[in-house]
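The structure under discussion appears below in the form of structure tokens.
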Amino acid sequence: MGSLTRLVVFLSIFATITLKLNSQYFLPITKHEPTNQFYTTLNIGSVTKSPVNLLLDLGTNLTWLNCRKLKSVSSLRLVTCQSSTCKSIPGNRCAGKSCLYKQPNPLGLIPDVTGRVVQARVSISTTDGGKFLTPVSVPRLTFSCAGEKALHGLPPLVAGVLALSPGSSSFTKQVTSAFNVIPKFSLCLPSSGTGHFYIAGVHYFIPPFNNSSFPIPMIFTPIRGVDSGDYLLNVLNIYVGGTSLSLKPNLVNSGAKLSTVVPYTVLHTDIYNALAESFTLKAKAMGISMVPSVAPFKHCFNARTAGKKLTGPNVPVIEIGLPGRMGEVKWWFYGANTMVKVKETVICLAFIDGGKKPKALMVIGTHQVQDHMLEFDFSRTVLAFSESLLLQNTSCSTWPSQK
Ligand SMILES: *[C@@H]1O[C@H](CO)[C@@H](O)[C@H](O)[C@H]1NC(C)=O
Ligand SMILES: *[C@@H]1O[C@H](CO)[C@@H](O)[C@H](O)[C@H]1NC(C)=O
Ligand SMILES: *[C@@H]1O[C@H](CO)[C@@H](O)[C@H](O)[C@H]1NC(C)=O
Ligand SMILES: *[C@@H]1O[C@H](CO)[C@@H](O)[C@H](O)[C@H]1NC(C)=O
């Protein structure tokens, strides 16, 4: 083969690879108030659009929904018990010829959700990082059909749960393998309005961040626990106003679990008390006065005594120290993420005392991570997170202007 031919072959292979590398997909994220749950909207079924709202859950292995909410149920194909698809889903069961899957309800309100496993065409949008471009379809997305009862406790208009677990059957893993793109997804949960959900995201265009010349700066930390279906971060330290809390090492070492269904971070009593005590002392020193608590929160303050910043009420900063590439990296949480306004003049520390025997010692909830970009990258098993976007006077619900 002549060197020119070889070069052409090489370049065309290279072009195919780069094309794939730059393919990214995009879905909206809506915050439902007052439940503080987050859902996306997906088109399932045939050519006629059949949008369904699905709760985002990092703990669900296989997407499920009440299939009666779909316009065309006829486009669903049943997955048989003998098929390789059924066998590839960990924890699958059979009922006669059909494949079943049973899993916990993410909100824990009803025992378990059992559904028949099916496949259907699903369409999602490609993106340049800022706009919804051409829709493309995943010909066979595998999910399960659950009954009406399974929807108990979910926000109205939500028809099921989108699986974002690290397992191989999750929605995002199915999409990245169908399109043969980098296995990663990114969530930018909005504090209100519509946020951004990228699959295989390369460019994020959230003004003033403009993609290549001014990208969102990201910090990296390893993710643990993916084999057990969780996203755990190795917490090294917790700081309040720059001072580290003195906690027994066994309290922090078990790691912090990330959740998209828990609204406020839940902490073991000993961690909660240490955090709240230090926070209250530092707040007092800033002239912020305490007021009676408002359940479920235990530490509340007079909002008028705290100043205001782009990043919310001016209160002591809470930081989590995590392992980085070269020593500890810090995730900073400012007032908008650490405080919640419960009345016009009352703000409360937006953390929950989970008691002495919680299932996980720390579960990081959505109030703490909203308006940060989070990237779950399975190619390196790392979480990349941004600082609060509010620092740049922008947010997860900011969109490029349509020209
Ligand atoms: C972002 O930059 C890349 C190349 O650097 C370009 O292909 C893409 O179109 C840009 N996206 C936007 C929204 O400007
Ligand atoms: C992106 O933003 C930076 C900083 O504001 C600016 O210098 C640059 O010109 C912008 N680039 C584009 C393509 O808009
Ligand atoms: C999800 O799958 C993992 C194995 O991949 C399993 O350990 C975990 O219990 C499953 N989670 C749920 C909620 O079913
Ligand atoms: C932040 O943006 C808003 C408009 O989105 C603008 O009115 C305000 O002046 C900006 N604040 C700062 C400090 O840049």
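Just so you know, ligand 1 is whichever comes first in the structure, and atom 1 is the first atom listed for that ligand. What you see below is based on every heavy atom in this structure, not just the backbone, and it leaves out hydrogens, waters and symmetry mates. The residues of the chain are indexed from 1 along the displayed sequence. Values in this document were obtained by computation on a predicted structure and should not be read as measured data.
Judged purely by atom type and a 3.5 angstrom limit, T60 has no side-chain atom pairing as donor or acceptor with the backbone of L62. Between the S177 side chain and the N180 main chain, no donor and acceptor come within less than 3.5 Å of each other. In this structure, the side chain of S137 does not engage the main chain of P139 through any donor-acceptor pair within 3.5 Å. Between the side chain of N36 and the backbone N or O of P263, no donor-acceptor pair lies under 3.5 Å.
Set against the non-hydrogen atoms of P104, the atoms of ligand 3 under 4.0 Å away are 13 (C), 14 (O). Near G59, meaning under 4.0 Å from one of its heavy atoms, ligand 3 places the atoms 13 (C).
For atom 5 (O) of ligand 3, the nearest non-hydrogen atom of the protein is D227 O, 3.9 Å. In terms of protein heavy-atom proximity, atom 9 (O) of ligand 3 is nearest to S228 O, 4.4 Å. Protein heavy atom closest to atom 4 (C) of ligand 4, with residue, atom name and distance, is N393 ND2, 4.7 Å.
Ion pairing between a basic and an acidic side chain is recognised when a charged N comes within 4.0 Å of a carboxylate O; E375 and K184 show such pairing. Under a 4.0 Å N-O distance rule, the pair D270/K356 qualifies as a salt bridge.
Protein heavy atoms come within 4.0 Å of atom 2 (O) of ligand 2. Protein non-hydrogen atoms do reach within 4.0 Å of atom 14 (O) of ligand 4. Distances from atom 7 (O) of ligand 2 to the protein include no heavy-atom value under 4.0 Å. For atom 11 (N) of ligand 4, a protein heavy-atom neighbour is found at a distance under 4.0 Å.
An N or O contact shorter than 3.5 Å is missing between Q103 and ligand 3 by distance.
Pairing of C94 with C86 by a disulfide is not supported, the SG atoms lying 2.5 Å or further apart.
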